Every structure is written in C-alpha cells, then in structure tokens.
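Notes to accompany the following structure.
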There are 4 protein chains.
Amino acid sequence: MARTIGSEGARTEAAIREAAARLFARHGFEGVSMRRLAEEVGVQAGALYRYFPTKQALLADMMADHLRRLLDAWEAEPKPRADPPAELAAFARFHVRYHVDRRDEVFVNYMELRSLAPDHFSQIAALRDAYEAPLRDILARGARAGQFHVPDLPVTAMALVAMLTGVTRWARPGGRLDADALADLHAALALGAVRAPHPEPSCFTPA
Amino acid sequence: MARTIGSEGARTEAAIREAAARLFARHGFEGVSMRRLAEEVGVQAGALYRYFPTKQALLADMMADHLRRLLDAWEAEPKPRADPPAELAAFARFHVRYHVDRRDEVFVNYMELRSLAPDHFSQIAALRDAYEAPLRDILARGARAGQFHVPDLPVTAMALVAMLTGVTRWARPGGRLDADALADLHAALALGAVRAPHPEPSCFTPA
Amino acid sequence: MARTIGSEGARTEAAIREAAARLFARHGFEGVSMRRLAEEVGVQAGALYRYFPTKQALLADMMADHLRRLLDAWEAEPKPRADPPAELAAFARFHVRYHVDRRDEVFVNYMELRSLAPDHFSQIAALRDAYEAPLRDILARGARAGQFHVPDLPVTAMALVAMLTGVTRWARPGGRLDADALADLHAALALGAVRAPHPEPSCFTPA
Amino acid sequence: MARTIGSEGARTEAAIREAAARLFARHGFEGVSMRRLAEEVGVQAGALYRYFPTKQALLADMMADHLRRLLDAWEAEPKPRADPPAELAAFARFHVRYHVDRRDEVFVNYMELRSLAPDHFSQIAALRDAYEAPLRDILARGARAGQFHVPDLPVTAMALVAMLTGVTRWARPGGRLDADALADLHAALALGAVRAPHPEPSCFTPA
DNA sequence: CATGAATGAGCATTCATTCAT
DNA sequence: CATGAATGAATGCTCATTCAT
C-alpha cells in the first residue's frame, strides 16, 4: 500500500506539536514530562527525540513557528491603507480573532518566554518585535495626523497588545461571545484608548 | 524564659517569602526547587518545612497574602466619590503604581494560578474577584451616567485589568519612566478606552 | 524485529524480586531503601520503577505471589485422604519443608502485613485464609471422628500455624537438622498437640 | 508546692516508654519518627534526647526492660515443683497470660530484634535465652522421667515458644476468649505436643 | 521509525539529631 | 526540663535523555 505523502513521520511530528501546545498551555512547560507528552501522542518517550533534539528545542520551535504563522497571517490579511483608525481597528480585530482561535499556542508563547535559553529567547523576541512593528507604525502615523493621542509610543503599543492578548486568558470556545464579537469589542476599546480626545474643532473649522 | 519577640523564626519566614517571590517570578513555580529557594534564604532545604508544610502551600500563602494586601491598600487609598471618570483614573493609577512596585508578587499571582490545587485556586479566585468588583462598579455607574460607553461590562473590565497589569511584564525600576509617569499614561489609556465617544453635542446644544 | 523472549527485562524483574525478598527479610520493609535494593540488583534506583510502580506495590506483589505459589504447591502435593491424623502430619510436613526452603519470602509475608495499605492488606489476608482453610477442615473432621481433641477450632489452627512457621525464625540451610528432619519433628509435635488424650481403652477393650 | 516523687522527668520517661511500645508495635521501629513519638508524649522531639541518647538506645532499653520484667515475673510466679507436666502447664499458662496482657511490648521484642545493632542484640539474645532456660529444663526432666517424648530438645523448646507467643498476633482485649481461657487452651496444646504417646504401660505394670 | 531498558541527576519531603536559649 | 530552629543526610520517586535492538 502506498504511503501517505510526508509519511508516518510527518504525521507524528504534527501530532507532537499539537499535543505539546495543548499540554504546555494547560500545565506549563516544566509541568509536562516527555513521557506524558509521548503518551498523548501514542508513542514511547524515546521516539520524540527523532523529531526534536531536546525538550527546550521543541518549545523554541513551537514558539517560532507560531510567530511566523502569525506574521504570515497578518501579511495575508486584507487591510485598509492610509487610514490609521481603520488600520488600528483592523489590527485589533485580526489580533483578537487570531489569538482566540489559537489559545493554546498563544498562551505558551506569552508564558514560556522565561523557559527559553538565551539564544532561543532572542530569536523569539525578534519575531515578536517584528509582529508589533506595524502596530507602532499605525500609532505613529495616526498621531502625526492628529487622529490619535499617543504621548508615549512604546508604552502605548505594549499596553494595547497586553489588552488585546488578555482575552486568551478567559475566552473559551462556545462561550457567551464568539470570536467576532470579542474582536469588535476589543477593537472599540483599543481605538478609544488612543483616539484624540477633542475632535470638537470639527464643529467650527472647515479643515 | 521567653524568646525575643520576632526572633530568628519570624525573620526566616519573611526571608522565605521574599526569596520565593523573586525566584518564582523569574523562573516560575515549577522552575524553582526547594533547594534553590533554601540556598537563596541561606538555610538548608529541610528548614523551609518549619514554615510551610508544602511548596504548594507556600505558593498559595504568598498569593493570598499579596491579594489581601492589595485589597487593603485599595481600601486605604483616598478616592474621589460619585465621579466615575475620576474614580476610574484613580483606580488605574493606583493599580499601576501598586503593581509596578511589586512586580514579582504580581507576576507570580497572575502566572501561577494554574499551579494551584483546586481548593487553593478557588480561595485565590475569590480574592481576585473581590479586587475587581469596584472596577466593575465604577464602569457600571459611569455607563448609567452616560459618561462611559460600555457595551459589555465583564469583557471591558477584564480587558482594562489586562492592559493595566501588562506593565509588569516589561517595566523595570530605574527604567525610562517612573511609576507615576506609567500610572498617568495607563490611566489616560483606560479612560479613553471607555469614554463615551461623542461629546460633540457640546457644539450644538446649549446644555 | 521482535526482542528475544525473556530478555533483559524479565531477568531484571526476577532479580528485583529475589533481592527484595532477601533484603526485606533481613532488614524489614521500611529498613530497605530503593537505592539499596537497586544496588543489590545492579541497576540505578530509577530503573526499579519500570517494574513496580511503588515500593508498596512491590511488597504486595511479592507477598501475593508467594501465597499463590504456596497454595499451588499444596494443591499439587500428594495427600492422604479421609485420615485426619495422616492428613495433619502431611500438612505439617509440607508446611515446614516449604517454609524452611523459602525462609526469606515467608518471613516477609508474616512480618510485613502491617506495611500494607488497606486494599493490599485485604487481598493478602484472603489468600492466607484460603491457605489455612484445609488445616481447619482437617482438624474439624478429626475432631468429629474422635481422633482429635479440639476444644476451640480457630485458636488451635492459629496456634499450630504459629508453631509450624516459627521454624523460619532460626532454621538455617546447612544447620544441624535438614528440612526433612525438621518437618518430621514438627509434624509429631502438631499431631501430639491435638491428639485425643485417652487411647487407654486399648488396655481393656477387645476393639 | 512539693514535687511528686521522681518529679516531672520520671513521668515523662514513663510516658515515652509507653508511647514507644504502642507506636513501635503498630508501625514498626523504623516506621515511627522521633517527632511522631514526641507528639504522642506531648513534648518537642528534642526533649526525648534528655531521656534516651538515641532512638536505637530507646529500643534496646525497652526490650531489655521488658525481658527483665518478664524474668522477674516468672521468678515470682508460684510454681509446682518436681512435676514436669504440671510445670510445663504452669509455664505455658504464665507465658500466655503475661504476653496477652502486654501485647505491644511483646510484639516489639519479637519483631524488632533485627533493628538492633550487634552489641544491643547480644544483650537481648542473652536475656531471651535466660527466659527460655527453665522451659528447656522442664522438658529435659520430663523426658528423663518418661513423661514427655522429646526427640530434639532445642527444636521442641523453640517450637513451643513460637506457638505460645503466636497468640499475641491476633488476640485482642475484649475478644471472644479472655486471657485465662487462652492460657488454658494453649497449655493443653503444649502439653499434648510433648506428652509421651503411650501411657499404656500403666495398664500392665505395677510401676 | 520506534521500542524497551536504563542512566544519573534531580525532585519534594522527612529523618535523627544538635544546641543556644 | 524543655523549646524552637536548624542541620545534613536520606527517602521514594520522576525527569530528560541515550542507545542497542
């Protein structure tokens, strides 16, 4: 019988990643043993080492993988251009929707930075910074245009990301609100947080 | 003859709490061994068990202690009354200042909930809920008064807490901004996030 | 490719059982550490846990195993029928011979009942009761036939077992008397202990 | 206020001995910690070391003490003289009654020999031997007089002691039979075990 | 591609014991 | 006479990892 493309091995590796995301999210990186992970996958512990040289490498790999897919997804997202408020809303909506759908991976990414050895850490930190760069750019352009009030760009960007990511701490699939509703609510909060406080001039000035 | 009040024992217990907060925050609860903790305190591992019956009990004790002191501090805080926007700003400023000054304890409290056994967990969850209750109350009153736009109260409260707490992830003592500056910046963001969007009527109505 | 049947694993497990019987008998269950046991077997302590999930389970397993083999051996023993004195002598001889040859296992079985958790305990107690049942049966039939004087059946059965088992406390292979001699001596004592006291009628009656 | 004769200290020491007998009997010497013992007595663990230099010394002390009191009690016991069967019955009755009333101490004495260091061990072994000497003497005289059938003196003595002591393994105060009933039953068994099998000569010889 | 057996270090916890007070 | 604090070694057990098969 013909083998599936990518063969057994590829399927096993995918199963390891999935199981690791689930277990690391629930019990923490240090709280999951290779034996437990192997059991979830349905192999012996030794077999995991065919796919990842160490437990730490598995974690770093998962985290980098997640961030790269996040960046790709943002690239692929249809986005408004040259309209910072619309862009910010789009970013917030995208961020919440993407994160709510991938709670486990996100949780691991945000919680287990401290479990990384220094060289893995800087690789991951660079990817995260790359993902947050467009947000800083949107805020900067909106501020220059007088649409946003951003007294401190880096702090504001980090505060918004913290708020938008916080949703993964409590949102559950099948909860009261679906991903779209959560995305809209958070987009409104993010937009409000930085909106320039006095659009009153609009009453009097032609501008 | 009576022992000196506050003798060795009390000092050792305090040292354990301090060292535990520091180490748990940096390496995670599961990432710190009792041996490592004892070394930091300057005793042998066995001595820790004179003060806390298990490692888990030490964690739960620290978390409950932190939350009780947080609740007490908020009680003691001079607060504006009957002015939701001012109250929200006060809450945000208090929260950021308190949290930035106690980064380790906060971090442990927000990260290690999953390390708690169920009964410890519910005790801690109740304390956290008690702390967030005044925020929900402020938002509710502000919304009723038309000062805030709060389409979903619980989600908004959690989003604001996530934003205000996020600062502990990156703020360092001696960083570019001091606690007061960070408090002001976050208070403005929080207020903006829920501020009712159209004060425009002021242009047209006499009100 | 299939592993050799009875490979390393099976040999290691057998070695653990043997070493455990020897060490538990000499130093008591609580007096033997898993490290010490592993050393005797020639492996690291952790390796023991591939074969027995806990130290307690190892003990219970050994005890149940011993009792099952004892029951099987008694089943397989050629026995006189319908002649209680001969049956009692056969039981006594069997018991002493079997026990003298397996001093360590017997000693552990009789001494370490208290080290068992309740569920393990009742399993072992049931097996012991099953082994002593035939003895009670022999005594009962002999008493009914007037061949034995048994004023209290359970007490007598326990007293006999205590006497017959006591030999394991001091008998050593290569001692003054071999297993058969010990068996005969104890059989005579047991028989005497319950023999109906007055065969005197033989003097006067023709019977 | 006048101190009780023997003062606090003597009472504490007695309490330690009592608690130790109870706990060692139930959980084994190695199964009882000095802390647990101290708790039972109502003092801190350190206080035990005022009375016994080590845990091992406490055990040896208890065991020697028990055997000395046992020897003294046998000395003080009113005994038949020059009538081996009556003497054996008296010994058996005494042994069972004394042992049933002091189950904990007896149990510890018989079980924990192996927990003794060599020098303590030989001291205890000598005392036990001294206690069993009269039994061997009775058997020897009875055999010489043709009243007993004793093909092997040391084995018979040990077998009888094993039988008579076995009662402590299951007898409970308040059980179906009281100490006297148990003593009588065991005396009859012991006597029967060694009684010369054929008193028939009495039929024919004037003797 | 995976197993089954094992290692050696480490874990949380408990121990008998000491000693200043 | 006793406590409260601590030690240092040991306990049962789990871990990430290795490797012959």
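Below, all heavy atoms of this structure are taken into account, side chains as well, without hydrogens, waters or symmetry copies. Everything quoted here is computed from the prediction, not taken from an experiment. Chain naming here is simple, since letters A, B, ... match the order of the sequence lines and numbering starts at 1 in each.
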Once you round to the nearest 0.5 Å, how far does NE2 of C/His66 lie from CD1 of C/Ile124?
-> 9.5 Å
To the nearest 0.5 Å, how far apart are NE2 in A/His27 and OG in B/Ser115?
-> 11.0 Å
Are [X] and [Y] close enough for a salt bridge, meaning some N to O gap below 4.0 Å?
{"X": "A/Arg68", "Y": "A/Asp72", "result": "no"}
{"X": "C/Glu40", "Y": "C/Arg36", "result": "yes"}
{"X": "D/Arg17", "Y": "D/Glu13", "result": "yes"}
{"X": "B/Arg22", "Y": "B/Glu18", "result": "no"}

Nucleotide forming a Watson-Crick or wobble pair with F/dT14, both distances under 3.5 Å = E/dA9
Write down the partner of F/dC19 under the Watson-Crick or G-U wobble criteria, each distance required to be under 3.5 Å.
-> E/dG4
Using the side chain to side chain contact (heavy atoms under 4.5 Å, CB included) rule, take A/Val108 and A/Phe29 through it: C-alpha gap first, then chi angles, then the decisive distance, then the call.
-> CA-CA 8 Å; A/Val108 172; A/Phe29 176 70; over 6 Å; no
If you take all heavy atoms of C/Arg114 and D/Ala25, which pair is closest and at what distance?
-> NH1-O, 4.0 Å
Grab the [atom1]-[atom2] distance between [X] and [N] for me, whole Å please.
{"X": "C/Glu39", "N": "E/dG8", "atom1": "CD", "atom2": "C1'", "answer": "15 Å"}
{"X": "D/Leu58", "N": "E/dC15", "atom1": "CG", "atom2": "C1'", "answer": "16 Å"}
{"X": "B/Met34", "N": "E/dT13", "atom1": "CE", "atom2": "P", "answer": "6 Å"}
{"X": "D/Glu13", "N": "F/dA2", "atom1": "CD", "atom2": "C1'", "answer": "16 Å"}
{"X": "C/Leu37", "N": "F/dT11", "atom1": "CG", "atom2": "P", "answer": "12 Å"}

Output yes when at least one side-chain N/O atom of [X] is less than 4.0 Å from OP1 or OP2 of [N], else no.
{"X": "D/Thr12", "N": "F/dA2", "answer": "yes"}
{"X": "A/Gln44", "N": "E/dG4", "answer": "yes"}
{"X": "B/Ser33", "N": "E/dC11", "answer": "yes"}

Validate the cation-pi geometry between A/Arg128 and A/Tyr110: distance from NZ or CZ to the six-membered ring centre under 6.0 Å, angle to the ring axis within 45°.
-> yes
Near-strand residues of residues 15-31 of chain D, defined as heavy-atom separation under 4.0 angstrom from DNA chain E = none
Selection: residues 47-56 of chain C, any non-hydrogen atom under 4.0 Å of DNA chain E | C/Ala47, C/Arg50, C/Tyr51
When the nearest nucleotide of DNA chain F is assigned to C/Ala45 and to D/Gly42 on a heavy-atom basis, which residue is associated with the more 5' position?
-> D/Gly42
Nearest nucleotide by nearest heavy atom, which residue falls closer to the 5' end of DNA chain E, A/Val43 or C/Gly46?
-> A/Val43
Look at all strands and tell whether A/Val41 reaches a base, only sugar-phosphate, or nothing, counting heavy atoms closer than 4.0 Å.
-> nothing
Side chain of C/Arg35, base of F/dA10: donor and acceptor closer than 3.5 Å?
-> no
